[in-house]
Amino acid sequence: MKNNKHFSFELLKEDKKTHARAGILHTPHGDIETPIFMPVGTHSAVKMLTKHHLEETKAQIILSNSFHLFLHPGNKLIKEFGGLHKWMNWDKPILTDSGGFQVFSLAHLNNITEDGVKFKEPKTGDEYYINPEISMEIQQDLGPDIAMAFDQCAPYPCDYDNAVKAMERTHRWLERCFKAHTREDQALFPIVQGAFFDDLRQESAKVISTYDAVGYAIGGVSVGEPTELKNHLVELTAPLLPNDKPRYLMGVGTPIDLLEGVKRGVDMFDCVLPTRNARHGSFFTYEGRKIIKNKQFEKDPSPLDPNCDCYACQNHSKAYIRHLYRMGEATAAILLSIHNTRFLIKFIHDMRDSILEDRFEEFYNSHINILKKES
RNA sequence: GCGGGCAUCGCCAAGCGGUUAAGGCCUCGGAUUGUGGUUCCGAUACGCGUGGGUUCGAAUCCCACUGCCCGCC
């Protein structure tokens, strides 16, 4: 995977006062302007959004899941259709998660050994097995631009011994992932683990940095820990990863998380929150997260956020969307999903502009307090 | 006019003499971070149609009244 000619990362600007950066990641399916937010499309669909909606949010890359696609409809079927891009008719970049996280967070009765993980399919109870080689085979069948290493995510809280074991196993699995990964038109990102111990995180960052990868990820966060702890850990870890490569903070996050992450040198984020929150009736605004069912919006003729350019905000009032939500209309979830997804993408793109124009700190300060106050 | 039945939170409704009157819907709040696709959690009756009575104790038993429902004339 050395000097992969299908990928390159251009670091356009590094903020002078913080660790924020702006860049472009070139991939086989197009460029990604970083920092970037990636909507999550677990089952090869971003929930509630059609391709048309997704394009309107100006998503440049989306994430999908090996774990779920392996179970249904099976990576071999998607391979027969020419890979994920053709399968879902999405010609921009795609990143797939390895299945590591899902095996630990979703599958009940999982049984982990040095070789891999045996687990039961949540709904049917059927038994399956994934290890580093199988994860690589799945992801190479699916054919996303970026594949992720098969790692072991430690829970929070986690004692030191178990954190060490999970981290060391992740490193051994990483070696196997790189050996099994042969597709040159696909990048493989290694992942930092080490739970919430500074020395382990530092060690892990050092170990994965020895691999010549297109980009590097920080995993094992947003598993229930306090925000300050997550920020501390990112602040500690990000600078230890190669400066000339994109850094991906997995599973994050909220508007505040994006702001804090970018400030500490993170370039890529993904999170289920915009679409899950939408289905559960809440929406992002520059004044914090709000809940559409609240009575205060009963007669509110204004859009979800006055500064948003999304389809929902350009066409509908809070009162209307609240009514749809209360009636159980799927359109409410669709409109809120469009808004939340566009909100994060626009928010981080505005952040990028501020970095390019040397005013990131100003941007940070002008948003962080009001977001914190309202959230 | 006579006989019978019912009256418990905005709605439906359990309770049939004994601690703080179930539950559901609605309402109001809150959760959610590499997604188990309308989810999960919490709050809300100082009172059981009204007035008396029996009892140590009554939404629960008795009487009257009021309202609604069903028969009969």
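Here is how names work: the chains are called A, B, and so on, in the same order as the sequence lines, proteins then strands, and each is numbered from 1. Small disclaimer: the values here were computed from a predicted structure and weren't measured.
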- Task: To the nearest Å, give me how far apart CG (A:Asn277) and P (B:G30) are.
- Result: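 My rounded result for the distance is 13 Å.
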I want to verify a distance call: between [options], whose nearest atom is closest to the [X] side chain?
X: A:Arg289; options: B:G30, B:U32, B:G34; result: B:U32
X: A:Leu273; options: B:G34, B:U32, B:G30; result: B:U32
X: A:Arg279; options: B:G37, B:U27, B:G34; result: B:G37
X: A:Phe101; options: B:U32, B:G34, B:C28; result: B:G34
X: A:Ala330; options: B:U32, B:U38, B:G34; result: B:U38
X: A:Tyr325; options: B:G34, B:C28, B:U39; result: B:U39

- Query: Is it true that A:Phe67 and A:Phe119 have ring centroids separated by less than 6.0 Å?
  - Reply: yes
- Taking the six-membered ring for Trp and the single ring otherwise, decide whether the centroids of A:Phe196 and A:Tyr156 are under 6.0 Å apart. yes
Sugar-phosphate, base or nothing in reach of [X], heavy atoms under 4.0 Å:
X: A:Gly220; result: base
X: A:Glu329; result: base
X: A:Ile191; result: base
X: A:Gln193; result: base
X: A:Asp270; result: sugar-phosphate
X: A:Asp151; result: base

- Note on the structure: Counting only Watson-Crick and G-U wobble pairs with both atom distances below 3.5 Å, the stems of 3 or more consecutive pairs that include RNA chain B are B:1-7 with B:66-72, B:10-12 with B:23-25, B:27-31 with B:39-43, B:49-53 with B:61-65
- Message: So that I can tick it off, tell me whether A:Arg342 and A:Asp309 are bridged by a salt bridge, with the cut-off set at under 4.0 angstrom between side-chain N and carboxylate O.
- Response: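 Answer for the salt bridge query: yes.
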- Query: Do A:Lys295 side-chain and B:G29 base share a donor-acceptor contact under 3.5 Å?
  - Reply: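 No.
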- Query: Taking N and O atoms by type only, does the side chain of A:Asn65 place a donor or acceptor under 3.5 Å from a partner on the base of B:G34?
  - Reply: no
- Backbone N or O of A:Arg322 within a donor-acceptor pair of the A:Glu298 side chain at under 3.5 Å? no
- Message: Ring centres within less than 5.5 Å and planes less than 30° apart: is that true of A:His280 and B:U38 in this structure?
- Response: no
- Should A:Leu11 and A:Met268 be regarded as members of a common hydrophobic cluster, given that ILVMFWY residues are connected when their side-chain heavy atoms come within less than 4.5 Å of each other, either directly or indirectly?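 A:Leu11 and A:Met268: one cluster.
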- Residues from residues 43-57 of chain A sitting under 4.0 Å of RNA chain B, heavy atoms only?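 Correct list: A:Lys47, A:Met48.
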- Within residues 225-240 of chain A: residues closer than 4.0 Å to RNA chain B (heavy atoms): A:Lys230
